[in-house]
Amino acid sequence: MRQLLLDTARDRFATHGYAGVSTRTIAADAAASETLIFNYFGNKAGLFEAAVLEPFGHFVQEFVDRFEGQPGNLEEETRFYVKGMYELFRRQRK
């Protein structure tokens, strides 16, 4: 159910923006109770963070960890970053 709420929230935020959607609407779309959102995420901001910001933060950290302290190949690093960002955004658009 948590993943369904995240997916539903991500879709709604992408379509209507943060201010344009309520937790009640997200819960209804996911066939869940609004209370469940608050149990999992605390509030709307927590849901937004988990649905939208955390995946981006994980990717950026993975990128930093991969290339930190290495004299890297700029082309390889750029390709990894662009491909990774593309895949992240593609997954988020489901």
Side-chain angles (χ1 to χ4, degrees):
M1 182 54 68
R2 185 178 192 280
Q3 189 59 51
L4 178 60
L5 287 168
L6 289 171
D7 293 342
T8 302
R10 195 174 297 117
D11 289 343
R12 279 292 186 160
F13 289 137
T15 303
H16 302 286
Y18 181 83
V21 65
S22 68
T23 54
R24 182 174 295 153
T25 302
I26 293 167
D29 287 354
S33 73
E34 190 178 23
T35 303
L36 197 54
I37 290 175
F38 299 128
N39 288 342
Y40 280 130
F41 308 105
N43 55 29
K44 182 178 169 182
L47 175 59
F48 182 82
E49 182 177 330
V52 178
L53 301 180
E54 283 181 13
F56 179 74
H58 290 300
F59 170 75
V60 170
Q61 188 60 55
E62 179 185 351
F63 178 78
V64 169
D65 291 346
R66 178 180 169 135
F67 294 107
E68 191 170 50
Q70 296 181 28
N73 176 314
L74 183 58
E75 183 177 334
E76 178 185 340
E77 292 173 17
T78 303
R79 184 170 282 117
F80 176 83
Y81 185 81
V82 170
K83 181 179 178 187
M85 289 299 290
Y86 172 79
E87 289 298 319
L88 175 65
F89 291 145
R90 190 178 63 75
R91 283 192 310 271
Q92 301 302 322
R93 293 292 301 175
K94 289 183 188 179

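In this chain, numbering begins with 1 at the start of the sequence shown. Model, not experiment: these values are computed from the prediction.
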request  = Could you pull out the closest heavy-atom pair between F38 and N43, with the gap in Å?
outcome  = CD2-CA, 3.8 Å
query = Can you tell me how far CE of M1 sits from CG of L36, rounded to the nearest 0.5 angstrom?
reply = 6.5 Å
task = Determine, stepwise, if the pair E62 / D65 fulfils side chain to side chain contact (heavy atoms under 4.5 Å, CB included).
result = CA-CA 5 Å; E62 179 185 351; D65 291 346; 5.7 Å; no
note = Only one of L6, T8, V52 passes side chain to side chain contact (heavy atoms under 4.5 Å, CB included) with L47, and that residue is L6
task = Mind checking the CZ-OG1 spacing from F80 to T78? Nearest 0.5 Å is all I need.
result = 11.5 Å
inquiry  = Surrounding CD of Q3 (heavy atoms of other residues, nucleotides or ligands, distance under 6.0 Å), is the total greater than 12?
reply    = yes
task = Output the distance between atom CD (E34) and atom CG (N39), rounded to the nearest 0.5 Å.
result = 11.0 Å
task = Compare every heavy atom of P55 with every heavy atom of R10, then report the nearest pair and how far apart it is.
result = NH2-CG, 4.5 Å
Interatomic distance, T23 atom OG1 to F48 atom CZ [nearest 0.5 angstrom] = 14.5 Å
query = Does a side-chain N-to-carboxylate-O contact under 4.0 Å join E87 and K83?
reply = no
message = Is it the case that the side chain of K44 and the backbone of V21 share a donor-acceptor pair, with hydrogens and angles ignored and the cut-off at 3.5 Å?
response = yes
key: CA sep, side-chain torsions, deciding dist, call: E49, F41, side chain to side chain contact (heavy atoms under 4.5 Å, CB included)   = CA-CA 9 Å; E49 182 177 330; F41 308 105; over 6 Å; no
remark   = Note: A51 and A9 closest approach over all heavy atoms is CB-CB, 4.2 Å
query = How close do L5 and A32 get, heavy atom to heavy atom, and via which atoms?
reply = CD2-CB, 4.1 Å
